[in-house]
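A short worksheet on the structure shown next.
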Amino acid sequence: MDPLEKNVTKEKQLSILGYIMHLTHYDPVWIDRKKSETPFDLDMAYEALDLMAAGGLNTLGIDIEDGVRFSTHPELTRHYSSSMDILAKLVERGRSLGFEIIPKFNFSKSAHHQHDLWLSPHHVLDDTSDYFDIAFEVIDEALDICKPERFLHVCMDEDTHRSDRAYTEAIFELHRRCKNRNLKSIVWNDSTCLSTHMLECTQKTIYAEDHIPKDVVQIPWTYGAVTFSNVERIKQIIAKGFETWIAPGSSPGYVARWRKIALEIGMKGMILTAWQPMNRKYQDSILNGLKNLAPLYSGQQEVDPSPMEDDRSSVHIDMKIGDSQGYDGLITAPNTLTDERLEESFVLPPNVYIRNWMLLGPFFFDPAHYEGDEQQTVIDEEVFVGGKPELLNSGNEGDEIFGCTWKPYQAQKTCKEQQWLDLNQFYDGDDYSVVYLQAHIYAPRNISEANLYYGSDDYARVWLNGKEIGRYNKCTRACAQDADHVSGINFHKGWNVITFKCIKIVAGWSMMLRIADEENNAILVESPNMDG
C-alpha cells in the first residue's frame, strides 16, 4: 500500500483552496507580450469566479501589480492598466461568492524573470526605505479596495540578484510591514526546484527558512512528477514551524497525488493558477482548466493519482575492483576525490561535483533518421566516434578526432552555479546534437559500492573505465541535481575515467555529475586549475 494514502481522516481538511487571477503579471514569457497586452477582462473573470465556486474553491488571489491605475503613483500606469473600479468589482463579486481575498505583489529581483518590473521606474532601487515606502504606498491603495482578511502574497520566487542574507532581510522587511497592517505575508518557496538554473534560488530559500519569522506562509511550487525528495523537503518546511500550502500545477494525476500528500503530512492549502492573461484569447485554457481542476483541488472529484517517483531508487552495477585498469596516459581533466565527506543535504555545494572535463563535439544528427518524436534511439548509436566511445581517451586541447576537436572545460570559481556544465555556452546551441565528455578521477583508495549521481538535458549515457554504468533515454528533460542514481560501482585506487555522452534534442543542453561513498555521503572533489 502507498504509505502516503494511509489514515487520511475526515477531520483533516485543507483550509485554503485557492486560485490566483492575474490583472497582469511579469515573467519572461509574459514580458514578451507586454506591448500588445490588453486590459483585464472583467466579464471573463466573473465566469472564472463562477467556476471556482462551483468547483469548491474558497480563496481568490489577485495578482494586481501595475494592472490598475494608482493615484499615489501615476507613473506606474501602463496602456493595459484598468481603473480601480475594475478591482473593486472583482473583489465585490468574489466576496459575494464566499471567497477570501489575497492581494499579490512580487518583490523578487532578477534580470531574467523581472518579477518586480511592475514597480518601474522604482524597481532599480536597492532594498532601501524609499523602495519599500513607494511599494507600500501603492499596496495600501489596493488594500483599501481589497480589504484582505488575513494575507498579502509578496512572492519572492526566482530571486537571483540578492545574496542569501539580503534575500532574508527583504522578507523580514516585507513581513514587518505586513504585520503592521495586521496581515500575514506569503512567499513562494523555490526549494522543490532542483533544475540547474534554480539551484541558487533553492539554496537561498532554505537559508531564509532558518532565519525568517515562522508566521511567513510558505507555498512550495512543483509542477512535475511527485518525488520522494520533494515530499521530504516539504515535511522539513512544516517541521520548522511554517504554515505550508502546495502549488502542484495542472496535471490531474499530480494534483490528486499532492492532495493526498497534503492531507497526510499536515499542509494547510492548495493553490492553482494559469500563468496567462485574463482575456478571451486564453478563454478555453483558463476556463476549461478551472472547470476540470477546481473540483480536484477541492476534493469534489477524484482521479487516480499519478504514482510517486522514488528518486532515491537506483540502478545497481556489479562492477568489481580491478575490472578495468585506470588510465595511465596524459591527465588532461584531473579531478581528485578526497577523504572528506559531506552528509546528504537537499542542495549540495559545487565542490562535490566533477568540474574538470574534456569535451569532444558537437556531432549533429538528423532527427528524421531516428524513431519517434523524441529520437531516443540516438542514445544507442555511436557512429559519431567509430562505434566505441568506451575506448576514447582524452587528448590534448586542440587534438582532432572524428572530425571534432577536444576542448577543456573547468568551472570558474566566479560562476554562481559551478555544479553544472552548460554545453550551449560552448557550442552554437544547435538542436539535435551530441557531445562526449571525459573526466579523470583520482581515488586515493579503493572505493567499493560507491554511488554516482547525474543529471542531463536531454539524454545521457555513462561509462566508467570502459564499462557502461548508466543511461537515460525516457523523454526530453531539464538538467536537475541527482536526476539519476547508479549504485554499486567501484573506483580503484589511482586514476579512473568517466565518459559521458550528452544528447540534446532542442533548447537546453547541460549535465552535472557527482560521486558519493559507500554510505551515500557526498565526496568532496579537488579540481585543480588545468592550466597550472
Side-chain angles (χ1 to χ4, degrees), residues 4 14 16-22 25-30 55 57 61 63 104 106 108 110 112-113 115 153 155-159 186-202 205 217-234 237 244-262 265 267 269-277 282 285-286 288-298 303-311 346-347 455 457-458 474-483 506-508:
L4 292 170
L14 298 174
I16 298 293
L17 298 167
Y19 181 82
I20 297 175
M21 196 174 290
H22 307 282
H25 185 66
Y26 281 88
D27 64 30
V29 174
W30 207 300
L57 302 187
D63 197 356
K104 174 180 176 291
N106 202 329
S108 170
S110 166
H112 176 64
H113 298 100
H115 288 317
H153 196 342
C155 302
M156 296 297 287
D157 54 313
E158 301 171 319
D159 185 301
I186 302 170
V187 297
W188 294 119
N189 185 303
D190 291 339
S191 68
T192 51
C193 304
L194 286 175
S195 59
T196 49
H197 70 286
M198 287 295 293
L199 287 173
E200 177 188 2
C201 304
T202 300
T205 300
V217 178
Q218 305 287 316
I219 308 182
W221 56 278
T222 171
Y223 302 150
V226 185
T227 67
F228 176 88
S229 293
N230 278 347
V231 174
E232 291 301 302
R233 172 81 272 273
I234 293 173
I237 299 171
T244 306
W245 312 343
I246 183 70
S250 57
S251 168
Y254 295 158
V255 169
R257 171 61 59 187
W258 274 115
R259 180 175 169 81
K260 288 181 178 291
I261 293 169
I265 68 176
M267 303 181 82
M270 295 181 70
I271 297 295
L272 169 66
T273 192
W275 300 105
Q276 296 171 322
Y282 300 95
S285 175
I286 291 175
N288 287 338
L290 266 171
K291 181 179 179 181
N292 295 326
L293 290 169
L296 300 182
Y297 272 70
S298 69
V303 297
D304 291 335
S306 295
M308 189 171 76
E309 295 188 5
D310 188 348
D311 45 353
F346 195 69
V347 181
D457 185 347
D458 294 292
K474 295 179 182 178
C475 61
T476 56
R477 65 177 181 180
C479 181
Q481 173 184 295
D482 299 354
V506 296

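Quick caveat: nothing in here was measured; it's all calculated off a predicted structure.
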- Task: Answer yes or no: is there a side-chain heavy-atom contact under 4.5 Å between Val506 and Thr476?
- Result: no
- Item | Thr192 (side chain) donor-acceptor with Trp221 (main chain) under 3.5 angstrom | yes
- Within the distance-only criterion (no hydrogens, no angle test), does the side chain of Asn292 pair as donor or acceptor with the backbone N or O of Asn288 below 3.5 angstrom? yes
- Query: Looking at side-chain heavy atoms only, is the closest gap between Pro220 and Arg233 below 4.5 Å?
  - Reply: no
- Query: Can you find a heavy atom in the side chain of Gln218 that is under 4.5 Å from one in the side chain of Val187?
  - Reply: yes
- Query: Thr202 side chain to Cys193 main-chain N or O, any donor-acceptor pair under 3.5 Å?
  - Reply: yes
- Mind listing the closest non-hydrogen atom pair of Gly455 and Ala483 along with its distance? CA-CB, 4.1 Å
- Task: Would you mind reporting whether Ile234 and Val231 have side-chain heavy atoms less than 4.5 Å apart?
- Result: no
- Query: Counting distance only, does the side-chain N/O of Arg259 pair as donor-acceptor with the main-chain N or O of Ser298 below 3.5 Å?
  - Reply: yes
- Would you say Leu194 and Phe346 make side-chain contact, with heavy atoms under 4.5 Å? yes
- Starting at OG1 of Thr222, measure out to CG of Asn230 and round the result to the nearest 0.5 Å. 4.5 Å
- Message: If we ignore hydrogens and angles and just use 3.5 Å, is the side chain of His115 paired with the main-chain N or O of Tyr26 as donor and acceptor?
- Response: yes
- Query: Can you tell me how far the NZ atom of Lys104 sits from the NE2 atom of His25, to the nearest 0.5 Å?
  - Reply: 5.5 Å
- Task: Search all heavy atoms of Pro248 against all heavy atoms of Tyr254 and return the closest pair with its distance.
- Result: O-CB, 4.5 Å
- Gap between atom CG of Leu296 and atom CE of Met270 - 0.5 Å precision: 8.5 Å
- Minimal non-hydrogen separation, Gly508 against Asp457, with atom names: O-OD1, 3.1 Å
- Task: For residues His22 and Gln276, report the shortest heavy-atom separation together with the two atoms involved.
- Result: CD2-O, 3.9 Å
- Item | Closest approach of Lys260 to Pro305 (non-hydrogen atoms, all atoms of both residues) | CE-CG, 3.4 Å
- Would you say the side chain of Leu17 lies within less than 4.5 Å of the side chain of Trp245, judging by non-hydrogen atoms? no
- Test item: Ser108 side-chain N/O and Asp157 main-chain N/O as donor-acceptor pair under 3.5 Å: yes
- Task: Apply the side chain to side chain contact (heavy atoms under 4.5 Å, CB included) test between Ile16 and each candidate in Leu57, Val217, Ile271; give the one that qualifies.
- Result: Ile271
- Can you see which heavy atom on Ile246 is nearest to which on Ile219, and at what distance? C-CG2, 4.3 Å
- Could you walk me through whether Trp275 and Val29 pass the side-chain contact (heavy atoms from CB on, under 4.5 Å) check? CA-CA 9 Å; Trp275 300 105; Val29 174; over 6 Å; no
- Task: Any chance you could measure Trp30, atom CH2, to His113, atom NE2, to the nearest 0.5 Å?
- Result: 15.0 Å
- Message: I need the Asn106 CG to Met156 CE distance, nearest 0.5 Å.
- Response: 8.0 Å
- Minimum side-chain heavy-atom gap Pro277-Tyr282 below 4.5 Å: yes
- Message: With rounding to the nearest 0.5 angstrom, report the CG to OG1 distance, Asp190 to Thr205.
- Response: 4.0 Å
- Task: Could you please spell out the steps behind the side-chain hydrogen bond (donor to acceptor under 3.5 Å, both in side chains) verdict for Ser191 and Asn189?
- Result: CA-CA 6 Å; Ser191 68; Asn189 185 303; 2.6 Å; yes
